[in-house]
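These notes are about the structure you will find just below.
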Amino acid sequence: KEKFDLSIIEDNTDIHTSILLNECIYKISEASHFVNDLDELYGIIHNILSSIIYTENFYIATADWDNNIIHFPYFVDKYDSRPSSKEIGNGLTEYVLKTGESILVNPDQYNKFLKSKKIDVHGKKSVDWLGVPLKIDNDITIGTIVIQSYDIKNRFNEKDEKILTFVSDQIAMAIKRKMDNLEIQKKAYYDQLTGLTNKILFNDRLNQAIHYAKRNNYLMCVMFIDLDNFKYVNDSMGHTAGDSLLKLVAKRLRKCLRKTDTISRWGGDEFTIILPKVRSVKDISYLCNRILN
């Protein structure tokens, strides 16, 4: 009698991918709760995605629809540097933002886009370009995630598009949650007109500065600045002109100070400054003259 051996081969690729995707979603959700900084969150998202897809060239773009501006808060690319914020135009990234649809651009499609002149292509030509929209609950597109490949050995396909689309909702929620938290903090601790710290945050930083000055035995300084004749500007030119003047003063004061210094709008036309570490009284006098000038 002839004897046959029966072998059963089971493909667990899809199961493994599913497990990885669920892990990614969990990690992104976790990061959105414990990471304090948006820039840090973007980097963590990039790192998490690298475990399931090729992300050597990766960026996140966000849309400010009220002002028709596109921002590039996170941008990692082998050839191109991070673009500046700009008016929303007709680029590939803007196409994803406007349509709310993902798009995978291969070399053939790339050439068609160039010939049709419907989409402006910026930066170095990639082999594959994949962009997926970031949408929140009410189906508003707040941004997009993009991966690119310049290597013929690393191609993207529909499976990659599905993977990015699957995790995009969680990424959008994580970014929106962090943006909302930062906006709440901004309203609670920053002056809405000038963007400077308010009294609450100023007092908190003052207590810290006093503590560190005592602990390390160095000099610190607090300044109080009042604008002369500001009432005359409001009375003669209106409050809109007065507000513009306060914004301008805040901007100039910022330029006079170090990043480690704190400047606050105390109220009305009054400003306060904390210099947490100064070398001598002479340095303080020098800064006072600089501010007055």
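Numbers here simply count residues along the sequence, with the first being 1.
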Note to self: Let's go through Arg155 and Asp128 carefully: what are the C-alpha distance in whole Å and the side-chain angles of both, what is the deciding distance for salt bridge (Lys or Arg N to Asp or Glu O under 4.0 Å) to 0.1 Å, and is it a yes or a no?
What the structure shows: CA-CA 6 Å; Arg155 302 298 305 273; Asp128 285 330; 2.6 Å; yes
Pairwise side-chain contact, Thr197 with Ile263, heavy-atom cut-off 4.5 Å (strictly under): no
**Asked** Can you tell if the side chain of Val96 reaches within under 4.5 Å of the side chain of Glu101, non-hydrogen atoms only?
**Response** no
(message) So does Gly89 get a backbone contact from the side chain of Lys98, meaning a donor-acceptor N/O pair under 3.5 Å?
(response) yes
Rounded to the nearest 0.5 angstrom, the CZ-CG distance for Phe230 and Asp228 is 12.0 Å
Check your understanding: Angle class for the Tyr74/Tyr42 ring planes (parallel below 30°, perpendicular above 60°, tilted otherwise)?
Key -> tilted
Subject >> Aromatic contact, Trp266 with Phe271 (centres under 6.0 Å) >> reply: no
- prompt: Between Asn68 and Trp65, is there a donor-acceptor pair closer than 3.5 Å when you use the side chain of the first and the backbone of the second?
  reply: no
ask   = Below 4.0 angstrom, N of the basic side chain to O of the carboxylate: do Arg258 and Asp261 qualify?
value = yes
Item checked: Tyr190 versus Gln192, side-chain donor and acceptor atoms under 3.5 Å -> no
### Close side-chain approach of Ile69 to Ile88, heavy-atom, < 4.5 Å
no
Ile136 meets the side-chain contact (heavy atoms from CB on, under 4.5 Å) criterion, sequence neighbours left out, with Asn138, Ile140, Ile142, Lys176
In Asp77, Thr144, Thr93, the residue satisfying side-chain hydrogen bond (donor to acceptor under 3.5 Å, both in side chains) with Tyr59 is Thr93
